[in-house]
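Worksheet: the structure to be examined is printed underneath.
All values below were derived from every heavy atom in this structure, side-chain atoms included, with hydrogens, water molecules and symmetry-related copies excluded. Residue numbers start from 1 in every chain, and the chains themselves are labelled A, B, ... in the order their sequence lines are given, proteins ahead of strands.
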Number of protein chains: 2
Amino acid sequence: MIIGVCEDDPAIRRLLAEALRFAGHETVMAHDGGEALRLFGADSGIDVMVVDIGLPDSDGRDVCQALRSAGQNAPVLFLTALGATHDRLAGFGAGGDDYVAKPFELKELIARLEALGRRGRPPLSTTAGLDLDPARHAARTPSGEVLLTPTEFRMLAAITSRPDEVVRRRTVIAAAWPEGAVVAENTVDSFMRRIRTKLESIGSPVSIETVRGVGFRIR
Amino acid sequence: MIIGVCEDDPAIRRLLAEALRFAGHETVMAHDGGEALRLFGADSGIDVMVVDIGLPDSDGRDVCQALRSAGQNAPVLFLTALGATHDRLAGFGAGGDDYVAKPFELKELIARLEALGRRGRPPLSTTAGLDLDPARHAARTPSGEVLLTPTEFRMLAAITSRPDEVVRRRTVIAAAWPEGAVVAENTVDSFMRRIRTKLESIGSPVSIETVRGVGFRIR
DNA sequence: GCCAGACAGTCAGGTGGCGTTCAGGAAGTG
DNA sequence: CACTTCCTGAACGCCACCTGACTGTCTGGC
């Protein structure tokens, strides 16, 4: 299992790295929210994430939401020093799947992570008859399957994560490119065309609709 | 099941020998690290190993790593007088699979050993028409057989363990090199080429596909 | 001690895939 | 009709990867 850990405290980071490796898992480490967004993308292959709520550059719950809108929907376990109920609930509200307070029992944390991971890697979106398979970098429909390049995959993931909703160009760019990247407006169109072509090539029943002046929507 | 035991204390050695034989297993005994290296090699047929961390001539964790790099990848259970968490973790980091503190409950130890043995090492798959033979470090297909070096074998095993899935470069590195090893990015490519060449040389029907920017996939 | 062979790892050069851009046309909007 | 936005096809260039050869280390045999 590949586990993404976002935690600023070096001691805890190292502890988790060793313990998880020991338990037979691979880890990807991030020490702040920005790095997490870069490393934990939809095509990162990550099965479960551990995110500290109190990060130096942002709130872990915001990080989680940003990842969600980038199409990443692996389960998230929040780490926090706070034990109050409303904080716990806020964590769940932000798309979290579990919650552990610091200081935590290592064994318990790992057990919970494995439980979350065992639920299986959810196909990113079976919505609208379109499956995204991060393990294979592929998009699948009842009628066939195509392989996508990393960027294509991230873009498509960002759109399919919100079926029937209009996803703004800006959002697509934020999901598919690292923060601060400068891309010509047109680049999105080019990729969109390639994705559409690939989907057509397998006779996909779903298509990407463009909402002029706003963005795109899956249908 | 054949169980290798490396332990300097004669009393514990005798205790384990009797108990394991009683439980229906065969044992191979070593008094120190040097002997363990000679007796527990990759071709020793040993299924599981019990290694004391506090050996007269060396640290059990070093012994374990030495055995690993000699191609021995049977599961290891560490025995130690230390109970502190960081020692436990260090044992895991050295390639251990389980850990029992002395004095131990005989029943529990045997149960854990049997669990390790049963789990086996990743049942190196017959997937996709490609057989991996850990004992001989060989890859076999309907059309022939080639011998692989230890590193080649570990890499190929990492890829074949997930047929049709993209295995990331860093996953391959994690599988083929000890933790913290620094290898040039290029090294993976070199080995990959050697593996592909060997597979071709026997006219293998399966081949390793590369997914640019992500990793490799068996096909 | 010396040599031969096997294996791990590195380096430099070439290639192609993928990300990116551009220009021209089509479609939507006022 | 003027203007904007998006589609379409083609082309470019970088970088990840491939490829072949080389170096260094270790082991076993004479």
*Rounding to a whole Å, what distance do you find between B:Arg154:CZ and C:dG9:C1'?*
13 Å

*Quick one: list whatever passes salt bridge (Lys or Arg N to Asp or Glu O under 4.0 Å) with B:Glu209, sequence neighbours left out.*
B:Arg217, B:Arg219

*Closer than 4.0 Å, any side-chain N/O of B:Thr151 to the OP1 or OP2 of C:dA8?*
yes

*Contacts of type side chain to side chain contact (heavy atoms under 4.5 Å, CB included), residue A:Pro56, not counting sequence neighbours*: A:Asp8, A:Asp32

*Rounded interatomic separation in angstrom, taking CD from A:Glu185 and C1' from D:dT8*: 18 Å

*Starting from P on C:dC7, measure out to CG on B:Leu156 and report it in whole angstrom.*
15 Å

*asked:* According to side chain to side chain contact (heavy atoms under 4.5 Å, CB included), who are the partners of A:Ala181, at least two apart in sequence or on a separate chain?
replied: A:Trp177, A:Pro178

*Find out whether A:Thr27 and A:Leu16 are in side-chain contact, i.e. whether some heavy atom of one side chain is under 4.5 Å from a heavy atom of the other.*
no

*Mind checking side chain to side chain contact (heavy atoms under 4.5 Å, CB included) for A:Ala175 and listing every partner two or more places apart, or none if nothing turns up?*
A:Ala70, A:Ala158

_What's the closest nucleotide to the side chain of A:Thr149 if the choices are C:dC18, D:dC6, C:dA8?_
C:dC18

Polar atom pairs between nucleotides 12-15 of chain C and protein, under 3.5 Å, N or O only, would you list them?
from   : atom 1 : to       : atom 2 : distance (Å)
C:dA12 : N6     : B:Asn186 : ND2    : 2.9

_Side-chain donor-acceptor contact under 3.5 Å, B:Glu7 with B:His31_ = no

*Please give, in whole Å, the distance from C:dG19 C1' to A:Ile173 CD1?*
14 Å

*Where along residues 174-183 of chain A does a heavy atom fall under 4.0 Å from DNA chain C?*
A:Trp177, A:Val183

*asked:* Would you say B:Arg196 places a side-chain N or O within less than 4.0 Å of OP1 or OP2 belonging to D:dC18?
replied: yes

*Counting any heavy atom closer than 4.0 Å, what does B:Thr187 reach on the DNA or RNA strands: base, sugar-phosphate only, or nothing?*
base

*Could you tell me which residues satisfy salt bridge (Lys or Arg N to Asp or Glu O under 4.0 Å) with A:Glu185, sequence neighbours excluded, listed by chain and number?*
A:Arg169

*Length of the NZ-C1' vector between B:Lys198 and D:dT19, whole Å*: 17 Å

*asked:* Counting primed atoms plus P, OP1 and OP2 as sugar-phosphate and everything else as base, spell out the protein contacts along nucleotides 11-16 of chain D at 4.0 Å heavy-atom distance: B, S or - for each nucleotide, 5' to 3'.
replied: B---BB

*By salt bridge (Lys or Arg N to Asp or Glu O under 4.0 Å), which residues pair with B:Glu200, not counting sequence neighbours?*
none

*How close or far is atom P of D:dC6 from atom CG of A:Asp189, stated in whole angstroms?*
7 Å

_Just the rounded figure in Å: distance from C1' of D:dC18 to CD of B:Glu209._
15 Å

_Integer-rounded Å distance: D:dT8 P and A:Ile208 CD1_ = 12 Å

*Look at the side chain of A:Ser190 and decide which nucleotide, out of C:dC7, C:dT20, C:dT10, has an atom nearest to it.*
C:dT20

*Would you please name every residue forming a side chain to side chain contact (heavy atoms under 4.5 Å, CB included) with B:Thr171, sequence neighbours left out?*
A:Ile2, A:Glu26, B:Arg162, B:Val167, B:Arg168

*asked:* My understanding is that only residues two or more places apart in sequence, or in another chain, count here; which of them pass side-chain hydrogen bond (donor to acceptor under 3.5 Å, both in side chains) with A:Thr151?
replied: A:Arg154

*Just checking, is any N or O donor in the side chain of B:His137 or B:Glu152 under 3.5 Å from an acceptor N or O on the other one?*
no

_Run the side-chain hydrogen bond (donor to acceptor under 3.5 Å, both in side chains) test against A:Thr141 and tell me which residues pass, sequence neighbours left out._
A:Ser143

